[in-house]
Protein chains: 2
Amino acid sequence: MNNHHQHRIFIVDDHQLVIEGIRSLLADAPNYLLSGFSHLPLQVLELLDENPTDILLTDISMPLMSGIELTRLVKKKFPSIKIIAISMHSEGVVIKEMVDAGISGYILKNTGRAELIEALDRVRSGGTYFGEEITREILNSFTARDQEQKLTNREIEIIKLINEEYGNKQISSKLFISERTVETHRKNIFRKTNTQSVVGLLKYAAQHKFI
Amino acid sequence: MNNHHQHRIFIVDDHQLVIEGIRSLLADAPNYLLSGFSHLPLQVLELLDENPTDILLTDISMPLMSGIELTRLVKKKFPSIKIIAISMHSEGVVIKEMVDAGISGYILKNTGRAELIEALDRVRSGGTYFGEEITREILNSFTARDQEQKLTNREIEIIKLINEEYGNKQISSKLFISERTVETHRKNIFRKTNTQSVVGLLKYAAQHKFI
DNA sequence: AGTTCATCAGCTATAATTACCTATTTTTTC
DNA sequence: GAAAAAATAGGTAATTATAGCTGATGAACT
């Protein structure tokens, strides 16, 4: 972690081209050295054993294991590794989860060289880095989130069934409850999520990773 | 297009890191030269005017304009430019459309250096390149697609409005047509897409890149 | 023991969607 | 210019979803 040695970066992304992109950006940055990379989050813990790393750059949406889970696992086993999330779009609602999981920064895939290096510099010196767009999202989601109401398991179950194109009647017989009850749940769901239509609800659910 | 000169590559992708990735891969390939890049599909036509290009690499899912639309426009204005699509996942259902629009190849973002160069080599010599995974998808979708019916522009317009949570009444007043007409369109859409509910329809639409 | 919360269930009424049907006008294509 | 495709619009009925109420039960927490 001293300033005079090279900081070792490990990259996790299921897209080879993104790995190559970061790699090429790092090639011009003498302070940083690639310690390894992988497109399979499942094998990252092992690889980190063999390849000492200071900063881990990880994608969020990956098959088999999300960046959030990976962050938790890595932080548990290697608490000193700093983690920066890389994402396609700024997904406001999941950022809080990522922060809770222990990330030190969050950058978008449309980031250029300057911003990437800036993020790495900040994080390696013990700070954090969240781009402008991200910061705005965080602020938005904090204010929005305070008045948000938690959905119960049953409600989420019903959202999933709605997403699978079941109607109220079908849901009621599938769950062995009355159609009235399903309607009540639906009503409460709409109220809690502050949505008006099934379409809006499912978008909300997708954003919040319920489905 | 001769073998002795460098082939000029233009890259379009809304993610800077992907552009960098391809760029770094090309840097090691003496036969290829970057003629330009852009993360805004809308400005590509202009840029191609100023930067003669042999092969265009374009993302499919981009904001403001999809890779499909871009392909059509580029092919119209510069018929000699070969186009290779780059995509996140192998999206079987849109590949045929891309082929119709005029692409010569299709690669995934988890492509490595070897496959990228292979694709470029094939395409610049007048051939095509579709990876193994893609080829399989194409075969699959050909059987399914034969009985599929094309949606009209108006129908797609209406799907988009449904996706934006407009009801029939609102759609009718937004498009200055009768509610009956909207219902007719809806009916035809459901029939053509072989879907039963709004939820199913929007999933179909998302898969087929209408929205 | 009391409180909160999730789940369940009913009622009435309105609004919206979907399924049938037919038919005209406009635009595109050959 | 004829034929085909797309967009337009109407009606009637049945089904489904949503809004606005009330209220009972059991489990968990304090």
Side-chain angles (χ1 to χ4, degrees), chain A residues 145-206 208 210-211, chain B residues 69 72-73 75-76 96-97 100-102 145-206 208 210-211:
Chain A
R145 201 149 254 273
D146 282 340
Q147 66 228 30
E148 247 173 48
Q149 305 197 41
K150 257 178 290 178
L151 293 170
T152 67
N153 290 336
R154 193 59 151 179
E155 284 162 350
I156 290 176
E157 195 178 359
I158 285 174
I159 292 177
K160 285 181 178 163
L161 290 172
I162 292 175
N163 179 241
E164 285 161 31
E165 297 183 56
Y166 290 103
N168 286 350
K169 195 175 290 180
Q170 291 162 296
I171 293 175
S172 75
S173 65
K174 207 170 179 68
L175 300 180
F176 304 106
I177 56 179
S178 152
E179 216 180 320
R180 299 291 150 280
T181 308
V182 179
E183 285 172 9
T184 305
H185 283 309
R186 259 183 115 118
K187 242 179 310 185
N188 292 334
I189 290 169
F190 280 127
R191 183 177 42 73
K192 285 185 180 178
T193 60
N194 197 31
T195 52
Q196 277 74 41
S197 70
V198 174
V199 177
L201 170 62
L202 292 182
K203 284 183 182 172
Y204 175 99
H208 291 251
F210 293 142
I211 54 177
Chain B
E69 292 170 79
R72 291 206 188 95
L73 293 175
K75 271 291 176 184
K76 195 166 183 179
K96 189 173 183 303
E97 255 186 287
D100 290 344
R145 196 148 256 270
D146 281 340
Q147 65 231 31
E148 248 171 49
Q149 304 197 43
K150 255 178 291 179
L151 293 171
T152 66
N153 290 335
R154 195 57 152 177
E155 286 163 349
I156 291 175
E157 195 178 358
I158 285 174
I159 293 178
K160 284 180 180 164
L161 291 172
I162 292 175
N163 179 242
E164 285 160 32
E165 296 184 54
Y166 290 103
N168 286 351
K169 195 175 290 182
Q170 292 163 294
I171 293 174
S172 77
S173 64
K174 208 171 179 68
L175 298 181
F176 304 106
I177 57 177
S178 150
E179 216 179 320
R180 297 292 151 284
T181 308
V182 179
E183 287 170 8
T184 305
H185 283 308
R186 254 182 121 117
K187 210 187 331 173
N188 293 333
I189 290 168
F190 279 126
R191 183 178 42 74
K192 286 185 181 179
T193 60
N194 197 30
T195 53
Q196 276 75 40
S197 70
V198 173
V199 177
L201 169 62
L202 293 182
K203 285 183 182 172
Y204 175 98
H208 291 250
F210 294 143
I211 52 175

Output yes when A:Arg180 and A:Glu183 qualify as a salt bridge under the 4.0 Å nitrogen-oxygen rule, no when they do not.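 So A:Arg180 pairs with A:Glu183 through a salt bridge.
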Does A:His185 reach a base, just sugar-phosphate, or nothing at all? Heavy atoms under 4.0 Å.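 Sugar-phosphate, no base atom in range.
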Is B:Arg180 touching bases, backbone alone, or none of the nucleic acid, heavy atoms closer than 4.0 Å?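 Contact class for B:Arg180: base.
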For chain B and DNA chain C, what are the first and last nucleotides along the strand, 5' to 3', with at least one atom under 4.0 angstrom from a heavy atom of the protein chain?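 Endpoints of the contacted stretch of DNA chain C: C:dA16 to C:dC21.
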Just so I know, are the side chains of [X] and [Y] near enough to count as touching, which here means a heavy-atom distance under 4.5 Å?
{"X": "A:Val182", "Y": "A:Lys169", "answer": "no"}
{"X": "B:Val198", "Y": "A:Val198", "answer": "no"}
{"X": "B:Thr181", "Y": "B:Leu175", "answer": "no"}

Separation of B:Arg191 atom CZ from D:dA6 atom P, in whole Å?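 Rounding to the nearest Å, CZ of B:Arg191 and P of D:dA6 are 10 Å apart.
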Rounded to the nearest Å, what distance is computed from the CG atom of residue B:Leu175 to the P atom of nucleotide D:dA6?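 Checked: the CG to P distance equals 18 Å.
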Using side chain to side chain contact (heavy atoms under 4.5 Å, CB included), reason through B:Lys192 and B:Thr152 one step at a time and then give a plain yes or no. CA-CA 10 Å; B:Lys192 286 185 181 179; B:Thr152 66; 3.9 Å; yes
At under 4.0 Å, does any side-chain N or O of B:Thr181 touch on OP1 or OP2 of D:dT8?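 Indeed not, no polar side-chain atom of B:Thr181 lies that close.
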Can you give one letter per nucleotide of nucleotides 13-22 of chain D, 5' to 3': B if a protein heavy atom sits under 4.0 Å from the base, S if only from the sugar-phosphate, - if neither? ---SSB-BB-
Before giving the answer on side chain to side chain contact (heavy atoms under 4.5 Å, CB included), spell out for B:Arg154 and B:Ile177 the whole-Å C-alpha distance, their side-chain angles and the decisive distance to 0.1 Å. CA-CA 12 Å; B:Arg154 195 57 152 177; B:Ile177 57 177; 3.6 Å; yes
